[in-house]
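One structure is given here, and the rest of the page talks about it.
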Amino acid sequence: MKITFIADTHHYSKTLGISGKAYELRSGSDQKCLAETGDIIDSAFNQLAESDTDAVFILGDVTNDGEMVSHLEFREKLYNLKQRKPVYIITATHDWCCDENPRRFEGDKTFHDVEVMKSSDLPEFYKDFGPDDAIDKFITRIGTICYTIQLGDNVRVLCLNDDKNENNHAGYTPDCWKWIEKQIKSAQKDNCVLIGIQHHLLMPHVSSLITGGSVCVENREKVASRFADLGLKYMFVGHSHIQATDQFTSKNGNIITEVNVGSLCGYPAPMVDVEINDDGTLTYNVNHLKTFSFNGKEIDALPYLAEHAAALINRIFECRTKEDFEERLSALNLNGEKFSKYWSLIKPVLSKLDNMKTYEAYKLLKLLGFAKGVEKEDAKEFKDKPLKEFVNEVWLSVLDGAMNPKDKNSTYYRLVLSVASVPSKIKKDSKNAKKLIAAADYALTGGDINNQSATI
């Protein structure tokens, strides 16, 4: 049996506005696309419909921010796919606008008068995509649904909604845990391979500097241990928009493997095919959206999405006015007003960084006394390479799970790791500085498990 997992489609209805200053600020502050989502989803669903997969699972955040119009449009796309493939979804916080900040855009203005879906209405609205086919189900405290799907004779998928535990954080209430334990024990009794899916992470991927905190469920190690000790071996998640696979081992020595599936509507638009083997192991291969049509043009997906993701960083480097700087930082939910007070100092730094070559950066670090460990010959090898390219490449490697991994003996790897080590030399007792080194290593190599293809 082969099943496919996709995540974070974040469908955004074009009726909410796709032009003007307000929209551009919103679009430019996101790694994933907005206006393009409908066209990307259509192309991806066509690609899935023509594939040999037996079923498709979508791992939450199916709409941009829970807008009713986005839900209605997305459900129609699901019905079209369902004509060719069984399709099952879980929902997540973006599907009921948990921040109570729905938005539409006109010119330079943002409006919040957008009808949104209630969390308690989601199970009925999407009943044809999992709930009505479930062999068991559980309604959460906010009215969302967890359910179990039987695929064939010996494969089950445990579809979990982890939006809120009893503390209003990501996770599960005690009553939900009782239901989960029942499902896991039932699968074991019936000799079924059980695959779990939820939206938030059980463990940080790449680094807790990037995917820690609220990206994970509350008390993540406790929750991961509980799943592992109950005997659940596999969990597929979304949320971080990063493609990564890692394992967690409980104190009792039980292991759970988590595959974090990146956003379909952002670089690298992954679709993860999973084959269930006779011995109960899983073999996954990460495929990617090939092309999509937008504004009447056929677009090569990966370069387009990579450029959009890189623009998230480049737009800050490219700021040339105080107004632009403040607006773009504010769009990233940073305190633009506060930082813009230092614009006279920041402007020349941004201008320099925007055009700086790698060897120039090395000489500046050396001048400041921060180049210890950075080899001159390594920097010289990339002397004409713009610093922004290095930053963009590492950022994209974080997102795609090192689709093009770097050898640890390469000059490229040594140079990036030596720069990542600079903060640890400035503040030797900093735990975060040490985490930065590990994060750089993971970003360039992909970590211990191949994030693109592996048997787990």
Side-chain angles (χ1 to χ4, degrees), residues 31 201 203-216 220-221 240 242-249 260 310 312-314 316-317 329 332 334-335 339 342 345-346 349-350 352-354 356-383 385-402 404-449 451:
Q31 165 261 339
L201 281 57
M203 60 195 83
H205 296 282
V206 183
S207 170
S208 58
L209 293 173
I210 302 171
T211 57
S214 61
V215 181
C216 297
R220 60 179 184 253
E221 290 193 5
S240 75
I242 288 172
Q243 189 65 45
T245 302
D246 288 289
Q247 291 182 329
F248 175 87
T249 304
N260 191 179
L312 186 67
I313 297 171
N314 294 343
I316 301 300
F317 283 135
L329 281 188
L332 290 167
L334 299 173
N335 194 330
F339 287 107
Y342 307 100
L345 299 174
I346 293 171
V349 175
L350 289 180
K352 185 70 174 175
L353 290 174
D354 190 33
M356 184 175 284
K357 298 291 194 292
T358 301
Y359 192 62
E360 289 180 87
Y362 162 75
K363 290 192 291 185
L364 179 59
L365 284 174
K366 188 174 182 180
L367 181 65
L368 296 172
F370 296 152
K372 186 177 180 181
V374 183
E375 296 295 331
K376 180 178 180 180
E377 293 306 311
D378 287 348
K380 267 191 171 181
E381 187 170 326
F382 297 97
K383 65 178 183 179
K385 186 182 181 74
L387 181 63
K388 277 202 311 187
E389 281 190 23
F390 254 116
V391 174
N392 290 339
E393 287 168 0
V394 174
W395 166 230
L396 294 177
S397 190
V398 167
L399 294 172
D400 66 28
N404 300 298
K406 305 300 181 184
D407 189 290
K408 289 193 176 188
N409 294 316
S410 67
T411 305
Y412 191 105
Y413 177 90
R414 289 199 306 270
L415 184 58
V416 173
L417 263 290
S418 59
V419 173
S421 300
V422 168
S424 68
K425 293 179 174 67
I426 298 171
K427 194 173 182 181
K428 295 183 179 180
D429 60 345
S430 172
K431 292 182 179 179
N432 284 342
K434 293 176 181 177
K435 286 181 180 179
L436 182 61
I437 299 171
D441 173 82
Y442 192 115
L444 296 182
T445 66
D448 295 331
I449 301 175
N451 296 319

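Everything quoted here is computed from the prediction, not taken from an experiment. Along the sequence shown, residues are numbered consecutively beginning with 1.
For the pair S424 (side chain) and K434 (backbone), a donor-acceptor distance under 3.5 Å is absent. Looking only at distances, no side-chain donor or acceptor of D378 sits under 3.5 Å from a matching main-chain atom of L415.
Counting only heavy atoms from C-beta outward, the side chains of L444 and L417 approach each other to under 4.5 Å. Looking at V349 and K352, their side chains never come closer than 4.5 Å, going by heavy atoms from C-beta outward. At least one side-chain heavy atom of R220 sits under 4.5 Å from a side-chain heavy atom of S208. Side-chain contact between D246 and Y442 is present, with at least one heavy-atom pair separated by less than 4.5 Å. Between I210 and V215, the closest side-chain pair of non-hydrogen atoms is not below 4.5 Å.
Note that NZ of K363 and CE of M356 are 10.0 Å apart. Values are rounded to the nearest 0.5 Å. Remark: L364 CG to L387 CG distance equals 10.0 Å, nearest 0.5 Å. Atoms CG and CG, from N335 and L329 in turn, are 9.0 Å apart once rounded to the nearest 0.5 Å. Here OG of S421 is found 13.0 Å from CZ of R414. Values are rounded to the nearest 0.5 Å. Here the CG-CG distance, from L396 to N404, works out to 10.5 Å after rounding to the nearest 0.5 Å. The line from CD of E381 to NZ of K376 is 15.0 Å long, rounded to the nearest 0.5 Å.
No more than 12 heavy atoms of other residues, nucleotides or ligands shown are found within 6.0 angstrom of CG on D448. Annotation for E389: atom CD counts as buried by contact number, over 12 foreign heavy atoms lying within 6.0 Å.
Closest approach of A420 to L436, counting heavy atoms only: O-CD2, 3.6 Å. Contact record, L209 with K435: CD1-CB, 3.6 Å, taken as the closest heavy-atom pair. Nearest heavy-atom pair, T358 versus A379, reported as atom, atom and distance to 0.1 Å: CG2-O, 4.4 Å. Shortest non-hydrogen contact noted between L353 and K388 is O-CG, 4.2 Å. Across all non-hydrogen atoms, the minimal contact from P423 to A433 is C-CB, 3.8 Å. Counting all heavy atoms, side chain and backbone alike, V416 lies closest to A440 at CG1-CB, 4.5 Å.
Donor-acceptor pairing under 3.5 Å is lacking for the side chains of T445 and K408. A side-chain donor-acceptor contact under 3.5 Å links Y413 and D441.
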Trace of the salt bridge (Lys or Arg N to Asp or Glu O under 4.0 Å) decision for K406 with E393: CA-CA 11 Å; K406 305 300 181 184; E393 287 168 0; 5.5 Å; no
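The only option from Y359, Y362, Y412 that meets the ring pair (Phe, Tyr, Trp, His ring centres under 6.0 Å) definition with F390 turns out to be Y412. Under the side-chain contact (heavy atoms from CB on, under 4.5 Å) rule, I242 has a single partner from L399, N451, D400, which is L399.
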